[in-house]
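As structure tokens, the structure follows; a few thoughts come after it.
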Amino acid sequence: MKLLKSIEEVREYILNCKNKNFSIGLVPTMGYLHEGHGSLIKQARKNNDKVVVSIFVNPIQFGPTEDLSTYPRDLEKDSLFCESLGVDVIFAPSSKKMYPSNSISTFVTVNNITEVLCGAKRPGHFQGVCTVVSKLFNIISPTRAYFGEKDYQQLTVIKTMVKELNFPVEIIGCPIVREDDLLAKSSRNSYLSNTERQDALVLYKSLLKCKDLISTGEFITANIKKEMEAIIHSVSSSKIDYIDIVDTNNLMPVELINHDVLVALAVYIGETRLIDNMTFKIKEA
Ligand code: AMP
């Protein structure tokens, strides 16, 4: 496995692959890898001749009060993890390599579907994500790129960007990987104290409640949200950022569930902001 830190080096590697007609699977990450990332890498390994994992904590997708400086990093451990999964290349550029000038003036913006859910709470976040993913696509020219459904809105935004900007890359979504007690795996789980880690289970519990309610015929989203809120508020460390029930395609809020929906939530447990979601397929009457 190669660990490449410059754009020139990775471009040279990719050119070589393209000359041999190799397919390339890209897994973009911010590092501090866990089995969630691992599932994307395994899928990429299955479908492609070469697998590239990018590890880059992208400064422009963090808001001014967010955790850019404290975001967990461990390149050595990540390298061992990638090697064990048969990754061919880790691309781990510095911020200076990705953004050489002090101010960047070119951004990629996807409208509408970025104005709800996390996009409404984290202004500029998806612009930062789309810009860095576009840069990675231009540098690596992957055949396929892998994203987790854990960040459902991100996956939808990237699919839209790729379609509308004609990037020649296939976007593959991969299911959420959870801990044994069903908390969604996340690099940010490492911020949680032992009690907060326990408290964090309310996110999944509230989604299970939603599942129960829908299966017993409750389709009024305001009623469902009220019950989910009660579960979240059963632990004093929690603060709800949002709970939303939206159309799976356009991510617009729905009042009455009569087609497929995404139930998504962001909750602070102490200082740590966690997200989770579940999708529901509704049979047409
Ligand atoms: P991150 O390093 O948090 O930016 O995540 C990199 C990629 O891994 C994104 O596409 C995430 O959606 C995906 N990912 C993170 N956690 C999980 C998880 N628990 N299950 C599936 N995919 C995940």
Side-chain angles (χ1 to χ4, degrees), residues 25-47 51-63 66-68 70-75 77-79 81-82 85 87 90-93 95 98 117-119 122 125-137 140 142 144-162 169-192 197 200-201 203-204 207 251 262 264-267 272-279:
L26 169 66
V27 182
T29 80
M30 297 206 298
Y32 215 67
L33 304 177
H34 50 68
E35 279 304 327
H37 302 107
S39 73
L40 273 55
I41 295 171
K42 284 178 195 161
Q43 195 58 49
R45 187 64 288 167
K46 267 190 213 153
N47 304 342
V51 175
V52 178
V53 173
S54 63
I55 298 182
F56 180 59
V57 182
N58 176 35
I60 68 164
Q61 72 185 65
F62 286 77
E66 293 181 355
D67 57 342
L68 173 61
T70 55
Y71 196 83
R73 293 160 166 90
D74 191 340
L75 188 54
K77 202 157 152 248
D78 288 349
S79 299
F81 184 70
C82 285
L85 295 177
V87 169
I90 293 179
F91 175 47
S95 286
M98 287 296 269
L117 306 173
C118 285
R122 304 182 68 189
H125 170 69
F126 285 114
Q127 188 181 59
V129 170
C130 289
T131 302
V132 81
V133 170
S134 299
K135 284 168 74 73
L136 290 169
F137 286 176
I140 294 160
R144 301 177 187 87
Y146 296 78
F147 294 86
E149 288 173 2
K150 156 113 189 317
D151 299 85
Y152 193 98
Q153 186 176 19
Q154 171 173 278
L155 173 61
T156 310
V157 169
I158 296 294
K159 279 184 180 164
T160 304
M161 177 187 86
V162 160
V169 53
E170 186 185 349
I171 301 301
I172 317 272
C174 302
I176 301 177
V177 177
R178 299 179 178 279
E179 302 285 355
D180 289 343
D181 61 7
L182 301 176
L183 175 68
K185 287 195 186 251
S186 165
S187 309
R188 289 189 169 102
N189 290 350
S190 63
Y191 295 148
L192 300 168
R197 174 66 184 73
L201 298 178
L203 277 86
Y204 189 71
L207 288 168
L251 305 187
L262 165 77
L265 72 166
V267 174
T272 306
R273 185 176 182 276
L274 300 176
I275 58 170
D276 203 346
N277 70 74
M278 221 180 245
T279 50

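Whatever order the structure lists them in is the order used to number ligands and atoms, beginning at 1. Predicted model, so just to flag it, every value in this text is computed and none were measured. Note: hydrogens, waters and symmetry copies are ignored here, and every other heavy atom, side chains too, is used.
Closest to atom 11 (C) of ligand 1 among all protein heavy atoms lies Asp151 OD1, 3.1 Å. When only non-hydrogen protein atoms are considered, atom 6 (C) of ligand 1 lies nearest to Pro28 O, 3.4 Å. The nearest protein atom to atom 21 (C) of ligand 1, hydrogens excluded, is given as Pro175 O, 3.4 Å; this is a heavy-atom distance. Looking only at protein heavy atoms, the nearest one to atom 5 (O) of ligand 1 is His37 NE2, 3.4 Å. For atom 20 (N) of ligand 1, the nearest protein heavy atom (residue, atom name, distance) is Val177 N, 2.9 Å. Nearest non-hydrogen protein atom to atom 22 (N) of ligand 1 is Gly148 CA, 3.5 Å.
Within ligand 1, counting atoms from 1 as listed, the ones closer than 4.0 Å to a heavy atom of Leu40 are 7 (C), 8 (O), 10 (O), 13 (C), 22 (N). Close approach of ligand 1 to Gln154 (heavy-atom distance below 4.0 Å) involves ligand atoms 9 (C), 10 (O). Those atoms of ligand 1 with a heavy atom of Phe147 less than 4.0 angstrom away are 10 (O). Each of the following atoms of ligand 1 lies closer than 4.0 Å to a heavy atom of Met30: 1 (P), 2 (O), 4 (O). The distance from ligand 1 to the heavy atoms of Ile176 drops below 4.0 Å at these ligand atoms: 20 (N), 21 (C).
Under 4.0 angstrom from ligand 1, there are no non-hydrogen atoms of Glu35.
Between Pro93 and Phe56 the shortest heavy-atom distance is O-CD1, 3.4 Å. Among all heavy-atom pairs drawn from Glu179 and Asn189, the shortest one is OE2-ND2, 4.3 Å.
Using a 4.5 Å heavy-atom cutoff, the side chains of Tyr146 and Ser39 are not in contact. A 4.5 Å side-chain heavy-atom check between Lys42 and Glu35 finds at least one atom pair inside the cut-off. The side-chain heavy atoms of Val52 and Pro142, taken from C-beta on, include no pair separated by under 4.5 Å. Counting only heavy atoms from C-beta outward, the side chains of Val162 and Val133 never approach each other to under 4.5 Å. Looking only at side-chain heavy atoms (C-beta outward), Leu262 and Leu251 come within less than 4.5 Å of each other. The closest side-chain heavy-atom distance from Met98 to Ile60 is not below 4.5 Å. Side chains of Tyr152 and Ile275 form no contact here, defined as non-hydrogen atoms less than 4.5 Å apart.
Ligand 1 has an N or O atom lying under 3.5 Å from an N or O atom of Lys185, backbone or side chain. Of the polar atoms of Cys174, none of the N or O atoms is found under 3.5 Å from an N or O of ligand 1, judged by distance alone. Residue Ala184 has no N or O atom closer than 3.5 Å to an N or O atom of ligand 1. Ligand 1 has no nitrogen or oxygen under 3.5 angstrom from a nitrogen or oxygen of Lys150. Checking only distances, Ser187 never comes within under 3.5 Å of ligand 1, N or O to N or O.
Using a 4.0 Å cutoff on heavy atoms, His34 counts as a contact of ligand 1.
With Asp74 contributing its side chain and Tyr32 its backbone, the two residues share no donor-acceptor pair below 3.5 Å. Within the 3.5 Å criterion, the main-chain N or O of Glu149 finds a donor-acceptor partner in the side chain of Asn277.
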